[in-house]
Amino acid sequence: MQQTALKKLRALLKKMVELGGSDLHIKAGAVVRVRINGDLAKMGQVVFTKEEAEALAKGLLGIKYEEFKETLEADFSYVLDEKNRFRVNMFHQMDGISAVLRIIPIDILTLDQLQMPEAIKKLTGLSRGLVLVTGVTGGGKSTTLAAMMDAINESRKKHIITVEDPIEFVHKDKNCLINQRGIGQDSRSFANALKAALREDPDIILVGEMRDLETIDIALHAAETGHLVFSTLHTMDAKETINRIIGMFPEEEQNRIRQALSSVLEGVLSQRLVKTIDNKRTAAVEILLKTARVEQLIAENRDSEIPDALEEGKDIYGTQTFDQALLDLYFDKKISKDEALENATNPSDMKLKMQGLGSASVTEEGKHDKDEDESYFDLKVDKE
């Protein structure tokens with residue numbers, strides 16, 4: 001049964017790639033679904049029974065299946081072929097076993113190909129400090145970080161150490177020497193790998209995710225001691241990111257952490273994927289860059305004033321709020337009015353700016369400055 005389940009999985013993954021999907025959702029006893037441009041669609045009537053889902057888990061995990069039965073969840077990578085790799089999260093739920101497989105593109109897109117704001121490129125030239133990319137799961141954080149690492153790899157001669165769970169984008173040595181470490185296979189934990197990294201002569205450290213207090217503390221220490229540290233957090237904007245980091249620490253330490261963060265934080269990119277007019281997706285990015293005012297606001301616990309500082313610094317520093325990013329996309333005719341308003345932090349203010357009644361600068365034209373596996377069964381996709 002394991003081989004049959006694996007064969008069915010391969011066929012589904014190939015179909016997902018063909019459709020341009022990002023995530024395959026398998027739940028025991030339920031119709032398999034695929035995420036395409038942000039929405040879930042059924043993969044015909046394909047179902048993994050409870051027994052098939054268990055067989056699939058055994059086939060994918062091998063000797064680690066017994067560990068999975070104890071931990072009840074597992075993160076790992078799956079290689080379909082030389083062009084397609086997937087990040088897998090497998091877990092137990094009330095009806096059996098479920099799994100989500102997210103495609104990891106082999107080709108790393110550049111910041112220009114991702115159409116990222118010019119200000120983001122400046123962060124790849126830093127010598128030290130902390131840079132965070134934040135957003136919800138599936139918001140493109142890993143893709144943005146990979147593009148930034150590739151830009152450094154192309155232009156600088158540095159030693160980069162990445163600590164990831166699991167390793168997603170694979171970087172080849174260009175001008176940089178890059179050591180990529182996966183949690184579980186190359187190190188026991190983020191904290192252990194980070195402590196070791198400080199003794200491995202790194203210039204740049206990428207931490208896949210700052211999950212706990214110890215990891216955050218070591219990352220801050222690395223930035224304070226002259227390293228350039230990149231990482232991610234599951235937060236919606238810069239203000240929440242700062243509060244989340246400081247709030248992880250005991251109250252008696254929070255002032256120390258606030259002062260350290262104000263000193264080392266060089267940038268926060270908070271991004272969300274929004275639907276484009278041509279039914280694709282693009283990133284709207286709030287950008288915090290270190291300025292004297294931003295540093296002062298963080299140090300003095302005036303986080304509520306940060307959005308105003310980002311908005312006012314757009315033309316001078318390249319900072320911007322999420323709503324300003326949406327407004328740019330709208331005036332550039334990349335997203336619809338409804339999409340901009342639906343995702344806006346302040347829809348009523350956004351509507352006024354769209355009408356030219358707000359502070360946005362608008363030009364006079366209205367623009368802002370098949371093989372064996374594939375034939376295994378019918379794979380018609382039904383949009384829900």
Which heavy atom in Met148 sits nearest to a heavy atom in Phe230, and how many Å separate them?
CE-CE2, 3.7 Å
Is a side-chain donor or acceptor of Glu286 paired with a backbone partner of Ala325 at a separation under 3.5 angstrom?
no
Determine whether the side chains of Thr162 and Glu164 contain a donor N or O and an acceptor N or O closer than 3.5 Å.
yes
In chain order, what residues pass the side chain to side chain contact (heavy atoms under 4.5 Å, CB included) check against Asp107, with sequence neighbours excluded?
none
Got a sec: does the NE2 of His25 have more than 12 other heavy atoms crowding it under 6.0 Å?
yes
Is the terminal nitrogen or CZ of Arg102 (NZ for Lys, CZ for Arg) located under 6.0 angstrom from the six-membered ring centre of Phe86 and within 45° of that ring's axis?
no
With a 3.5 Å distance limit and no angle check, can you tell me whether Thr215 reaches the backbone of Met210 through a side-chain donor-acceptor pair?
no
Do the charged groups of Asp95 and Lys27 touch, with an N to O distance under 4.0 Å?
yes
For Thr124 and Ala151 the tightest heavy-atom approach is CG2-CB, 4.2 Å
Under 4.0 Å between a side-chain nitrogen and a carboxylate oxygen: does that hold for Asp39 and Lys275?
yes
Just how far is it from atom CG of Leu56 to atom CG of Leu6, taken to the nearest 0.5 Å?
6.0 Å
Tell me whether Leu80 shares a hydrophobic cluster with Val34, the cluster being built from Ile, Leu, Val, Met, Phe, Trp, Tyr side chains joined at under 4.5 Å.
yes
Greater than 12 external heavy atoms within 6.0 Å of Tyr317's OH
no
Glu66/Lys58 salt bridge by N-O under 4.0 Å criterion:
no
Pair Ile216, Asp212 - check side-chain contact (heavy atoms from CB on, under 4.5 Å), show working.
CA-CA 6 Å; Ile216 293 173; Asp212 53 51; over 6 Å; no
I'd like to know if the side chain of Arg181 reaches the main chain of Val163, judged simply by a donor and an acceptor atom lying under 3.5 Å from each other, with no hydrogens or angles considered.
no
Shortest non-hydrogen contact between Ala284 and Leu326, atoms and distance:
CB-CD2, 4.0 Å
Would a single hydrophobic cluster contain both Phe91 and Val88, if residues Ile, Leu, Val, Met, Phe, Trp and Tyr are joined by side-chain heavy-atom contacts under 4.5 Å?
no
If you measure from CG on Leu327 to CG on Asp349, what distance do you get to the nearest 0.5 Å?
9.0 Å
CD-CD1 distance between Gln254 and Ile245, expressed to the nearest 0.5 angstrom:
12.5 Å
Between the main-chain N or O of Lys239 and the side-chain N or O of Asn243, is there a donor-acceptor pair closer than 3.5 Å?
yes
Any donor-acceptor N or O pair under 3.5 Å, side chains Glu311, Gln320:
no
Which pair of non-hydrogen atoms, one from Ala147 and one from Leu109, has the smallest distance, and what is that distance?
CB-O, 3.2 Å
Does the side chain of Gln271 come under 3.5 Å of the side chain of Thr144 through a donor N or O and an acceptor N or O?
yes
Answer yes or no: is there an ion pair linking Arg156 with Asp203, defined by an N-O contact shorter than 4.0 Å?
no
Between Lys353 (side chain) and Ser348 (backbone), is there a donor-acceptor pair under 3.5 Å?
no
Could you state the interatomic distance from CD (Glu73) to CD1 (Ile97), rounded to the nearest 0.5 Å?
12.5 Å
Polar side chain donor-acceptor pair, Gln115 to Lys334, under 3.5 angstrom
yes
If we count only N and O atoms by modelled type, under 3.5 Å, do the side chains of Thr282 and Thr276 hold a donor and an acceptor together?
no
Taking side chain to side chain contact (heavy atoms under 4.5 Å, CB included) as the criterion, tell me which of Val32, Ile26, Val46 meets it with Lys8.
Val46
May I ask you to say whether Lys314 pairs ionically with Asp328, meaning some side-chain N is under 4.0 Å from a carboxylate O?
yes
Near Glu82 CD, under 6.0 Å, is it more than 12 heavy atoms from other residues, nucleotides or ligands?
no
CD (Glu252) with more than 12 external heavy atoms under 6.0 Å:
yes
Would you call Glu312 and Arg293 a salt bridge, taking side-chain N to carboxylate O under 4.0 Å as the test?
yes
Ile152 backbone acceptor or donor facing Lys158 side chain under 3.5 Å:
no
Donor + acceptor pair across side chains of Glu339, Asn343 (<3.5 Å):
yes
Ignoring hydrogens, what is the shortest heavy-atom contact between Glu224 and Ala260? Give both atom names and the distance.
OE2-CB, 3.5 Å
Given side-chain contact (heavy atoms from CB on, under 4.5 Å), test Ile306 with Ile242 step by step and report yes or no.
CA-CA 10 Å; Ile306 287 176; Ile242 293 164; 3.4 Å; yes
Quick one: do Asp150 and Lys174 make a salt bridge, cutoff under 4.0 Å?
yes
Roughly how far, to the nearest 0.5 Å, is CD1 of Ile183 from CD1 of Ile167?
9.0 Å
Can you tell me if Asp237 and Thr235 form a side-chain donor-acceptor pair at under 3.5 Å?
no
When you measure from the side chain of Lys337 to the backbone N and O of Met354, does any donor-acceptor pair fall under 3.5 Å?
no
Quick one, Arg211 with Asp165, criterion salt bridge (charged side-chain N to carboxylate O under 4.0 Å, His left out). Give me CA distance, side-chain angles, the key distance, then yes/no.
CA-CA 11 Å; Arg211 295 180 176 176; Asp165 183 19; 3.1 Å; yes
Can a cation-pi geometry be assigned to Lys64 and Phe76, taking NZ or CZ under 6.0 Å from the six-membered ring centre and within 45° of the ring axis?
no
Tightest non-hydrogen contact, residues His227 and Pro202, listed as CD2-O, 3.1 Å
Any chance the side chains of Ser142 and Glu168 put a donor and an acceptor closer than 3.5 Å?
yes
Do the side chain of Ser231 and the main chain of Val207 share a donor and acceptor less than 3.5 angstrom apart?
yes
Side chains of Ser336 and Asp338: any donor to acceptor distance under 3.5 Å?
no
Determine yes or no for a side-chain-to-main-chain donor-acceptor pair under 3.5 angstrom, with Asn37 supplying the side chain and Lys280 the backbone.
no
Under 3.5 Å, side chain of Asp173 to main-chain N/O of Ile178, donor-acceptor pair present?
yes
Check the surroundings of atom CD in Gln113: do more than 12 heavy atoms from other residues, nucleotides or ligands lie under 6.0 Å from it?
yes
Lys333 and Asp278: salt bridge (charged side-chain N to carboxylate O under 4.0 Å, His left out), yes or no, with the steps?
CA-CA 10 Å; Lys333 293 182 168 47; Asp278 58 358; over 6 Å; no
So Arg272 and Val136, side-chain contact (heavy atoms from CB on, under 4.5 Å) or not? Walk me through it.
CA-CA 7 Å; Arg272 306 176 210 174; Val136 300; 5.9 Å; no
Could you walk me through whether Val268 and Thr134 pass the side-chain contact (heavy atoms from CB on, under 4.5 Å) check?
CA-CA 7 Å; Val268 180; Thr134 80; 4.0 Å; yes
When rounded to the nearest 0.5 Å, the distance separating CD1 of Ile257 from CG of Asp217 is 5.5 Å
Suppose we screen for ring pair (Phe, Tyr, Trp, His ring centres under 6.0 Å). Which residues come up paired with Phe249, at least two apart in sequence or across chains?
none
